[in-house]
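What you see is a predicted model, and the numbers here were worked out from it, not measured in a lab.
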Amino acid sequence: MNDNKCIELYNLLSKKYKDLNWWPVDPKYHEKNKTDSRFEIIIGAILTQNTAWSNVEKALENLKEKNKLGIKSIIQSETEELREMIRPSGFFNQKADRLKTISIHIAEEYNQDLDNFFNKDLRELRTELLSLNGIGPETADSILLYAGEKPVFVVDAYTKRLCQRLPINVKIEYNAIQKHFEEELSKKYSGQELIQTYNQFHASIVILAKDFCRKKPVCKGCPLFEKCSYHYKLF
DNA sequence: GTCCAGGGCCGTT
DNA sequence: AACGGCCATGGA
């Protein structure tokens with residue numbers, strides 16, 4: 001009963017936030033141009049590191065405008081030009097290097113073929129992503145879940161904050177939280193449904209954190225108000 | 001003007 | 001293992 005807090009959390013959140021359909025790309029575009037769309041998600045995952053999505057959108061627009069949003073284009077682009085195109089997303093010097101690093105990796109090891117890339121064994125692929133400079137756990141897992149459609153629960157700063165405030169009885173550390181959520185959720189869901197659950201869950205946590213569970217929390221009206229003990233501590 | 005955003009790396013303790 | 005400094009832009 002008590003170990004089921006994440007299922008309860010998921011049910012509450014998905015009732016409030018329905019069919020979010022993340023990652024934010026046009027679903028029709030995703031279906032029609034799967035390869036391009038997947039690559040765009042990979043690039044977006046890197047560009048959004050500690051950065052507001054609205055800024056990432058500007059960077060992606062710049063890349064699309066100049067027809068540079070592709071593996072080959074990024075590898076061949078001049079570093080200085082790449083930096084300018086992604087400037088709005090912030091940290092643009094390191095991010096330009098990171099975009100090149102992963103593009104070169106996919107080109108050299110997988111002949112630029114994302115199907116080939118994502119067909120690799122999940123654990124091996126995750127380790128491989130983490131070995132690349134600039135790809136940490138959240139970026140790797142976002143790529144695996146949203147671009148690769150793999151059953152991976154993404155943990156971010158919002159998820160940690162939420163676990164801390166509710167609280168959910170886990171050590172506030174990336175791997176511990178991920179393990180806990182994956183164990184609980186995979187008891188109930190499997191296959192495509194599990195993937196969809198991870199997708200929807202992470203997306204709804206992000207929205208919740210923007211609407212209510214901000215750094216400076218807005219507890220009034222929060223869908224988790226009854227379940228959360230944090231607001232009792234407020235003033 | 002201040003704060004903060006869907007992190008990650010590197011050096012220090 | 002945990003923590004601090006650093007990287008940078010744009011919107012609230």
Whether [X] contacts [N] is assessed here as follows: a side-chain N or O lying under 4.0 Å from the phosphate OP1 or OP2. Is that the case?
X      : N      : result
A:K58  : C:dG11 : yes
A:T139 : B:dG8  : yes
A:R161 : B:dC4  : no
A:N93  : C:dA8  : yes

Does A:G136 reach a base, just sugar-phosphate, or nothing at all? Heavy atoms under 4.0 Å.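 Since only primed, P, OP1 and OP2 atoms lie under 4.0 Å of A:G136, the category is sugar-phosphate.
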Answer with base, sugar-phosphate or nothing: what part of the nucleic acid does A:I135 contact at a heavy-atom distance below 4.0 Å?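 The answer is sugar-phosphate, as A:I135 gets under 4.0 Å only of primed atoms, P, OP1 or OP2.
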Rounding to a whole Å, what distance do you find between [X]:[atom1] and [N]:[atom2]?
X      : N     : atom1 : atom2 : value
A:I86  : C:dC7 : CD1   : C1'   : 12 Å
A:F92  : C:dC7 : CZ    : P     : 11 Å
A:F91  : B:dC4 : CZ    : P     : 14 Å
A:Q49  : C:dA8 : CD    : C1'   : 13 Å
A:D97  : B:dG8 : CG    : C1'   : 13 Å
A:E138 : B:dA5 : CD    : P     : 12 Å
A:L132 : B:dC9 : CG    : P     : 10 Å
A:I143 : B:dG8 : CD1   : P     : 10 Å

Do A:F153 and A:H202 have ring centres separated by under 6.0 Å?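 No.
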Determine, for A:D115 against A:R38, whether the closest basic-nitrogen to carboxylate-oxygen distance falls under 4.0 angstrom.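 Looking at A:D115 and A:R38, the cut-off is met.
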SB check A:R87 A:E84 (cutoff 4.0 Å):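 So A:R87 pairs with A:E84 through a salt bridge.
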Could you work out which one of [options] sits closest to the side chain of [X]?
X      : options              : answer
A:P88  : B:dA5, B:dG8, C:dG10 : C:dG10
A:N50  : C:dG11, B:dA5, C:dT9 : B:dA5
A:R98  : B:dC9, C:dG11, C:dT9 : B:dC9
A:N133 : C:dG10, B:dC4, B:dC9 : B:dC9

Rounded distance in Å between the P positions of C:dG10 and B:dG8: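 Their P atoms lie roughly 22 Å apart.
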Along DNA chain C (nearest heavy atom to each residue), the more 5'-positioned of A:R87 and A:E173: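 Nearest-nucleotide comparison on DNA chain C picks A:E173.
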Matching residue for A:H180 among A:E182, A:E184, A:E183 - test: side-chain contact (heavy atoms from CB on, under 4.5 Å):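 Considering A:E182, A:E184, A:E183, a side-chain contact (heavy atoms from CB on, under 4.5 Å) with A:H180 is found only for A:E184.
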Closest-nucleotide ordering on DNA chain B, the 5'-leading residue of A:K216 and A:A157: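 By nearest-heavy-atom nucleotide position, the 5'-most residue is A:K216.
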With nearest nucleotides of DNA chain B determined for A:T48 and A:L130 from heavy-atom distances, which residue corresponds to the more 5′ nucleotide?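 Here A:T48 is the residue nearer the 5' end.
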Run the numbers on A:F201 and A:F181 for ring-ring contact (aromatic ring centres under 6.0 Å, His included), then give the verdict. CA-CA 10 Å; A:F201 203 166; A:F181 277 72; 5.6 Å; yes
Output yes when a side-chain donor or acceptor of A:N199 lies under 3.5 Å from a complementary backbone atom of A:W22, and no otherwise.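 Answer holds: yes.
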